[in-house]
Protein chains: 2
Amino acid sequence: MMKPTNALNRLIKALTVLPNVGPKSAQRMAYQLLQNKRDGAEELLNALQQALQTVRHCRLCNTLCEDEVCSVCADPERDPARLMIVHMPVDVASMEAAHCHDGLYFVLMGQISPAQGMDLSHIAVDKLVARLQESAVTEIIIATNFTAEGDATAYVLSELFKDLPYRVTRLARGMPLGGELEYVDAGTLAQAVYERRQMK
Amino acid sequence: MMKPTNALNRLIKALTVLPNVGPKSAQRMAYQLLQNKRDGAEELLNALQQALQTVRHCRLCNTLCEDEVCSVCADPERDPARLMIVHMPVDVASMEAAHCHDGLYFVLMGQISPAQGMDLSHIAVDKLVARLQESAVTEIIIATNFTAEGDATAYVLSELFKDLPYRVTRLARGMPLGGELEYVDAGTLAQAVYERRQMK
């Protein structure tokens, strides 16, 4: 009976760190890398090494970047009055791709989840408070996810800012662009009715 | 406007070497690795490095292994009379998982595709011939895929062995285990009728 080699087994196991990659996909990936994508595998090795060595957190907004301060925080064109709080660096990338926020960001690098005993210590709240103290922020836009954890985080943050002189807002909820009533889940539909906008 | 960092962009591009990973999945993977899976990313880095350094081809059967000869070829319990020819090392793993072949293997590391101008030079045919010359093989089981390329490879190999004293067979075609007529494609169904077995 043939066993996969130790190095191969280790690689298969290591690949399951990737999102949505189980043992079966990881096996396919490992074989593909070693069978006929050796050059690509070498490049992946070097890219991963470089990223792990150089990518760190922005001193100001906590997102991932290669310098002390990220390109958004360093950009004098951005509006320093509006600070958007997000869960993860990938959310900054999504928001930037939508071209709908020209203020600054703060990345929590975590969420609050009462069910899992994750409280304020699981988000970068000290860094956020320090950030607010040395800034010209007037509006805080809470852009956490619309999940149980995102809602809990938004609530705790709004409590935190309650007595502070900031306008605090949260992203609107409602129908997605192109959404059809027939295919949208009941919760979204109910929220869209509940938060309906006056047209005239 | 924030741009992803250079190291991050390089990692995203490098991750698309993985099967079924496009730019969008690669971005999710890269962020996940750097956001909250740093330990896993370090392990992936080391596992990939070890695999690229140590995994090579078996001198006899051409599969991936860490020694000069793989564990199947080195196993005295395997029947040296039956040699199964497959496309890739992953096929050896699949066949071994099915526990249905106790002979030896040969891995072509390629396929013949007349449409893409890929001929005998795209498979390890010299190594296969050398393997046969110093072996006790009596039956060659061609276990290439049932695709256009696999069929072409099987045909060319059967021509190659035509005047040699081997029994040459190919995997059976037919209904998959648990297959229902309603859901099986027409080609498979036709093949299952064409190669129907006598029951009594």
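The sequence lines fix the lettering, A, B, ..., with proteins before strands; numbering per chain opens at 1.
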Does any backbone or side-chain atom of [X] lie under 4.5 Å from a heavy atom of chain A? Answer side chain, backbone, both or neither.
{"X": "B/L33", "answer": "side chain"}
{"X": "B/E43", "answer": "both"}
{"X": "B/V21", "answer": "side chain"}

Query raised in the report: Counting heavy atoms not belonging to B/F161, are there more than 12 under 6.0 Å from its CZ?
Result: yes

Query raised in the report: Between A/E66 and B/A7, which heavy-atom pair has the shortest distance, and what is it?
Result: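 It is OE2-N, 2.8 Å.
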
Query - Which of A/Q35, A/Q50, A/Q32 touches chain B most, by non-hydrogen pairs under 4.5 Å - result: A/Q35

Query raised in the report: Which one of A/K13, A/H57, A/R38 has the most heavy-atom pairs closer than 4.5 Å to chain B?
Result: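 If we count pairs closer than 4.5 Å to chain B, A/R38 comes out on top.
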
Query - Linked, directly or transitively: B/M95 and B/V92 (ILVMFWY side chains, under 4.5 Å) - result: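 Yes, one cluster joins them.
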
Query raised in the report: Taking atom CG of A/L132 and atom NZ of A/K127, what is their separation to the nearest 0.5 Å?
Result: 13.0 Å

Report summary line: Here the gap from A/H87 atom NE2 to A/E149 atom CD, rounded to the nearest 0.5 Å, amounts to 8.5 Å

Requested in this report: Evaluate the criterion side-chain hydrogen bond (donor to acceptor under 3.5 Å, both in side chains) for residue pair A/E139 and A/T169; output intermediate values, then yes/no.
Outcome: CA-CA 7 Å; A/E139 177 178 357; A/T169 57; 2.9 Å; yes

Query raised in the report: So, B/R131 side chain and B/L60 main chain: donor-acceptor pair closer than 3.5 Å or not?
Result: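 Side chain of B/R131 to backbone of B/L60: a pair is present.
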
Under 4.5 Å heavy-atom distance to chain B, tell me which part of [X] shows up: side chain, backbone, both or neither.
{"X": "A/M29", "value": "both"}
{"X": "A/N46", "value": "both"}
{"X": "A/Q27", "value": "side chain"}
{"X": "A/L52", "value": "both"}

Leading residue by heavy atom contact count with chain A [cutoff under 4.5 Å; candidates [options]]:
{"options": "B/P19, B/A14, B/A51", "result": "B/P19"}
{"options": "B/E77, B/R56, B/M88, B/R28", "result": "B/M88"}
{"options": "B/D39, B/L34, B/T54", "result": "B/L34"}

Query - Trace of the salt bridge (charged side-chain N to carboxylate O under 4.0 Å, His left out) decision for A/R78 with A/D75 - result: CA-CA 6 Å; A/R78 307 289 301 213; A/D75 184 351; 5.1 Å; no

